[in-house]
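This report refers to the structure that appears directly beneath it.
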Amino acid sequence: MKKLKEKNNDNYDFVLKQKVVEALIFSSSEPIPYDELLKRIIDKNILNQILENLEKKYSSSGVNLYVINNSYAFRTSLDVSEFLNIEKIVPKPLSRAATETLAIIAYHQPITRSEIENIRGVSLSRGTLDVLLELQWIQPGHRKSTPGNPLTWKTTNLFLDYFNLKNIKDLPGIEDLKNSGLLDKNKVIFNDQSVD
Amino acid sequence: MKKLKEKNNDNYDFVLKQKVVEALIFSSSEPIPYDELLKRIIDKNILNQILENLEKKYSSSGVNLYVINNSYAFRTSLDVSEFLNIEKIVPKPLSRAATETLAIIAYHQPITRSEIENIRGVSLSRGTLDVLLELQWIQPGHRKSTPGNPLTWKTTNLFLDYFNLKNIKDLPGIEDLKNSGLLDKNKVIFNDQSVD
Amino acid sequence: MSEFIYKKIDILSLSLDGFQGPIDLLLSLARDHKIDLTKLSILKLAEQYLEFLDQIIKKDIDIAAEYLVMGAWLAFLKSKLLLPVEKEEGSMTSEEMSELLEFQMKRLVGIQKVSKLLFKRHKLGTHFFKRGNPEIFGINQKNQYNSTLYDLIKTYGEIITFNNSKSITIANTQLFSVEDALNTLKSFFKHSKDWKDLLDFIPNNLRNKLERKSALASHFVASLELVKEGSLKLRQDSFNDNILLHSK
């Protein structure tokens, strides 16, 4: 009876250890070295058994266990990566110029290129609008009926989708920005200070 | 013979689709919306079946399938949380004003700034909404159709994900608050307390 | 009574760090006396609040200001509670007001409770983890950017702030220069040998105080300058008398 109980405990312990290894490999930002795993599991035999189990468990999944240089990582399986056309892309922030331009278009649309330049105080480089166009976050609007009929720019539905906005009107206004602390009032120098 | 082959094909197709969904969710660090998955799978019945299978398949693993507001993500299981002393992100503690404001937005959403101020009895100091916005826990909702069209605030899916919530109804104690009538944000004594 | 006041000051020091505002203070007063919110005597609470307000007004007027709205409201409520019931059209009865106040306090207690519950939950990155090494599928888009709404509106806020601080326009001032005053005095005394009051040089069409002050100051400085040069005499018979000028 006692033995059986012990055996059950052992089994529980093993299952828990396997879950720990699985979670560790999953959450690690880089392939996790065998030695690192051994530090938690202590027993080599148990760890080897766990890794073998996991390898088997994931072999027919959309994600497989890979061994790289004696380190372990989960990677999308080749059967589906082909299907999904996987490219490793490192997400990067938009450039400052592009973010500023996007923000100005979002708040002032429809707006011409020279109006954007006026607000930013610098001329727009060729690539800035291209980046936003390629992302399909902006699109040309109507032409303005001022001399030269300049083209205006406005945001797209994809832009709303990406930033999770239902409507362009739902962007916080200047007052909201002030109230939420996004506009640092101290930096603003009012030009209507009256002297008494 | 042909029939059998077709049947086999169907089955192969289903298995492949399941692998694709599994790979899609597994490879992402952020929750993937149901609609995004549906774009690849097309058939709702098949997708639902796949999601059910995956939920079951991972229920006793070190990694579980989480549903967050109709988006899907793999997260390490809570069973092993105490054994995963990996690099934890120690969150910078929020100010009391910020935690209360977050709770008010979460439980009363969508809610305007002045409604938040009425509930807390003090005006929102600058920087409070700013912090929550930077954490991407809140986002602007629609504008209210009352005079001035004030902006409302609501919580994001990242907020739900962070606090391990399936959806807003899953918020702790929300039923009690609702049943005792305390979620009424319109009951106020003093209307305009905020000094601007 | 002195003990009572001591306690109040205790609360005052609390209000400087953890405290947020009037409803919080009411709650704290209620909790101090271990009172069930539903059995709360609004009248007693109002009295204590007003007494507290009295104390801080003496100590720190700035903090007191934040508590005044609630104070005024409670004073009004107190007077209603003490006076015989009189039916006024459209105004709240004291019972309704007490009820509202109680509701506000309970609602804040509720929120404070759940906000604690919320932060006691298992948290992502502390108790459970996301995929540490995500792979990104590039199907339709080549570039994956991780811009957030926060980036967008913060950037816009910065542009607006920057533009505002950029456009400082200094208003044209209507101030009198000493140079102009010198010229006025010189040309006047070229032709006049009389004593002349300094105030007579101030144009009487000046609209505001500042301009008048400036005109007076610059003419006075100019006259001193001319005295120093030796071309002018100044005379003031007694303090507060007019200052008289005469060419030398």
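Each chain gets a letter, A, B and so on, in the order its sequence line appears, and its residues count up from 1.
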How far apart are the closest heavy atoms of [X] and [Y], and which atoms are they?
{"X": "B:Asp161", "Y": "B:Glu30", "value": "OD2-OE1, 4.4 Å"}
{"X": "B:Glu100", "Y": "C:Ile111", "value": "O-CG2, 4.0 Å"}
{"X": "B:Leu151", "Y": "B:Pro140", "value": "CD2-CB, 4.0 Å"}

Side chains of [X] and [Y]: is there a donor and an acceptor less than 3.5 Å apart?
{"X": "B:Tyr66", "Y": "B:Glu55", "result": "no"}
{"X": "B:Asn45", "Y": "B:Gln49", "result": "no"}
{"X": "B:Asn167", "Y": "B:Asn69", "result": "no"}

Choice from C:Asp151, C:Leu117, C:Leu149 maximising heavy atom contacts with chain B below 4.5 Å: C:Leu117

Portion of [X] that has a non-hydrogen atom of chain C nearer than 4.5 angstrom:
{"X": "B:Leu183", "result": "neither"}
{"X": "B:Leu171", "result": "side chain"}
{"X": "B:Leu177", "result": "side chain"}
{"X": "B:Gln136", "result": "side chain"}
{"X": "B:Phe163", "result": "both"}
{"X": "B:Asp184", "result": "both"}

